[in-house]
Protein chains: 2
Amino acid sequence: MAQTQKHGPPASTRNAILDAAEKIFIERGFSDTSMSKIAKAARVTKSLIHHHFGSKEQLWAEIKKRRFHEYFSVQKEQLAAADAGIESFKTCIINLFNVLRDDPEVVRLISWHLLDRAQTERHEDEKELTAMGHAKLLEGQELGYLRNDIDTRYMLISFFCLVFHWFMSKHEYLKWVGIEPDSITADDEYLENMLKIFFQGVLPR
Amino acid sequence: MAQTQKHGPPASTRNAILDAAEKIFIERGFSDTSMSKIAKAARVTKSLIHHHFGSKEQLWAEIKKRRFHEYFSVQKEQLAAADAGIESFKTCIINLFNVLRDDPEVVRLISWHLLDRAQTERHEDEKELTAMGHAKLLEGQELGYLRNDIDTRYMLISFFCLVFHWFMSKHEYLKWVGIEPDSITADDEYLENMLKIFFQGVLPR
DNA sequence: TAGTTGACTGGTCGATCGGTCAATCTTAGT
DNA sequence: ACTAAGATTGACCGATCGACCAGTCAACTA
């Protein structure tokens with residue numbers, strides 16, 4: 001049942017608009033994006049965008065919803081596929097890291113979202129992923145391969161910080177510490193060192 | 001030599017504009033802030049702002065420069081005041097955390113800055129603070145209270161992530177994990193757990 | 001075939017954008 | 001008192017903003 005509506009192919013047009021808008025929104029943010037630019041990029045008239053999505057705000061919400069849902073689904077999927085044990089746990093974490101590495105756009109989108117004061121969206125996908133991650137950590141504590149004197153909720157948040165903020169600001173930080181910002185090995189190097197810290201800490205054993 | 005220029009009090013007016021603009025810029029970002037709003041908030045005319053600062057971009061740059069310089073100076077100062085040893089190191093880190101906790105505006109300003117594609121600013125203050133932090137970590141390695149199999153540059157970045165991203169997104173994350181977002185104890189709880197992870201890691205000893 | 005629906009367009013609205021300019025006010029230096 | 005310089009104003013510019021409108025056209029229904 002790919003596209004069987006009457007009249008022209010509205011679904012493809014809708015998607016064309018969504019794709020073009022997403023690109024610009026992610027690059028420039030909500031306020032710095034104009035309907036005209038989107039229309040031009042999508043090869044459509046402004047009016048048509050309003051016809052399909054109502055307002056600029058609704059289009060923005062639609063894009064966030066679509067992209068977030070896709071991202072959190074992927075993360076949930078790979079998290080659900082992991083079985084118990086410390087090794088699976090480590091693989092799981094690396095996978096989570098790699099998903100974000102391969103999707104710089106969603107990083108940027110979330111960054112815009114975090115600065116957005118008027119958040120009207122639901123948080124179902126986010127909460128589900130968080131719940132799954134949280135359960136994973138509790139499992140680790142029960143199986144004994146994770147310390148049980150650390151609040152798993154803050155353990156989860158700490159991990160989010162370590163992963164997400166890296167992709168948000170690595171370009172800036174690499175400049176600060178004197179590493180070529182476009183170094184292709186930086187991600188791996190950071191991952192390696194970050195995992196050492198996350199698992200064993202910075203103090204010698 | 002406080003304000004000894006001829007003609008009216010331009011310095012105070014300049015600061016009034018800067019203060020008003022800073023407030024709005026930090027709250028809404030560059031694109032969503034208009035010169036009219038700034039003028040209204042500062043109780044001056046738009047023309048006067050252009051007279052003092054030239055363009056909207058220059059005003060934005062001036063605000064970032066001023067606020068960043070102040071922030072990094074504070075951090076550098078408290079970092080320089082610390083003497084060697086693991087205990088001073090820990091205090092140092094906590095102080096760094098607290099400075100950001102007491103200045104949510106600079107967190108937001110840096111967030112906008114990170115999303116800004118056209119960064120024309122110098123990075124002198126940032127690089128200096130980074131260099132000092134880096135030296136501190138190297139000192140820790142030499143004195144033996146920090147692992148020397150971790151690249152200090154990435155150790156520093158990891159720490160930045162743990163601190164900065166918390167203040168950027170704690171409101172969102174706390175909702176996800178089911179903690180009251182406006183909890184006044186959350187900062188302390190996060191700090192405690194985060195330090196455990198940063199120093200000893202999540203694996204049991 | 002007549003009628004209905006929805007995709008789609010061009011034109012236009014009032015508001016607001018950042019920015020300029022000439023004129024005026026205020027004050028310091030002489 | 002006079003003047004030069006800087007502070008400050010209000011009117012105004014062209015451009016662009018998001019949104020709306022009437023109308024066209026193609027496809028589906030009865």
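Numbered from 1 within each chain, the chains take letters A, B, ... in sequence-line order.
Against DNA chain D, the stretch residues 27-39 of chain A makes heavy-atom approaches under 4.0 Å through A:T33, A:S34, A:M35, A:S36. Near-neighbour residues of DNA chain C inside residues 57-66 of chain B, defined by a heavy atom below 4.0 Å, number-ordered: B:E57.
OP1 and OP2 of D:dC20 both lie 4.0 Å or more from every side-chain N or O belonging to A:H51. Checking the phosphate oxygens (OP1, OP2) of C:dC8, a side-chain nitrogen or oxygen of A:T13 falls inside 4.0 Å. The phosphate of D:dT8 has neither OP1 nor OP2 within less than 4.0 Å of any side-chain N or O from B:H50.
Applying the salt bridge (Lys or Arg N to Asp or Glu O under 4.0 Å) test to B:R28 and every residue at least two apart in sequence or in another chain returns B:D32. Judged as a salt bridge (Lys or Arg N to Asp or Glu O under 4.0 Å), and not counting sequence neighbours, B:R122 has no contacts. In this structure, the side-chain contact (heavy atoms from CB on, under 4.5 Å) partners of A:D149, at least two apart in sequence or on a different chain, are A:R147, B:K196. Under the rule for a salt bridge (Lys or Arg N to Asp or Glu O under 4.0 Å), B:E87 has no partner lying at least two apart in sequence or in another chain. Not a single salt bridge (Lys or Arg N to Asp or Glu O under 4.0 Å) links B:E126 to another residue, sequence neighbours left out. The ring pair (Phe, Tyr, Trp, His ring centres under 6.0 Å) check on B:F68 picks up B:H113, with sequence neighbours excluded.
Judged as a side-chain hydrogen bond (donor to acceptor under 3.5 Å, both in side chains), not a single pair has a partner in residues 34-50 of chain B (not counting sequence neighbours). Judged as a salt bridge (Lys or Arg N to Asp or Glu O under 4.0 Å), the pairs with a partner in residues 164-181 of chain A (not counting sequence neighbours) are, in order, A:K170-A:D187, A:E172-A:K175. Residue pairs meeting the side-chain hydrogen bond (donor to acceptor under 3.5 Å, both in side chains) criterion with at least one partner in residues 150-163 of chain A, sequence neighbours excluded, are A:H134-A:T152, A:D151-A:R153, A:Y154-B:E189.
Ring geometry for A:W60 against A:F25 counts as tilted: the plane angle lies between 30° and 60°, on a 0 to 90° scale.
B:F198 pairs in a ring pair (Phe, Tyr, Trp, His ring centres under 6.0 Å) with only one of the listed residues (B:F160, B:W166, B:F159), which is B:F159.
In this structure, CD1 of A:I49 is placed 12 Å from C1' of D:dA19, rounded to the nearest angstrom. Look at CD1 on A:I24: it is 15 Å from C1' on D:dG18, rounded to the nearest Å. Rounded to whole Å, atom C1' of C:dG10 lies 17 Å from atom NZ of A:K40. Here C:dC8 presents its P atom at 11 Å from CZ of A:R14, a figure rounded to the nearest Å.
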Between the protein and nucleotides 10-12 of chain D, which nitrogen or oxygen pairs come in under 3.5 angstrom?
{"residue": "D:dG10", "atom": "O6", "partner": "B:S47", "partner atom": "OG", "Å": "2.3"}

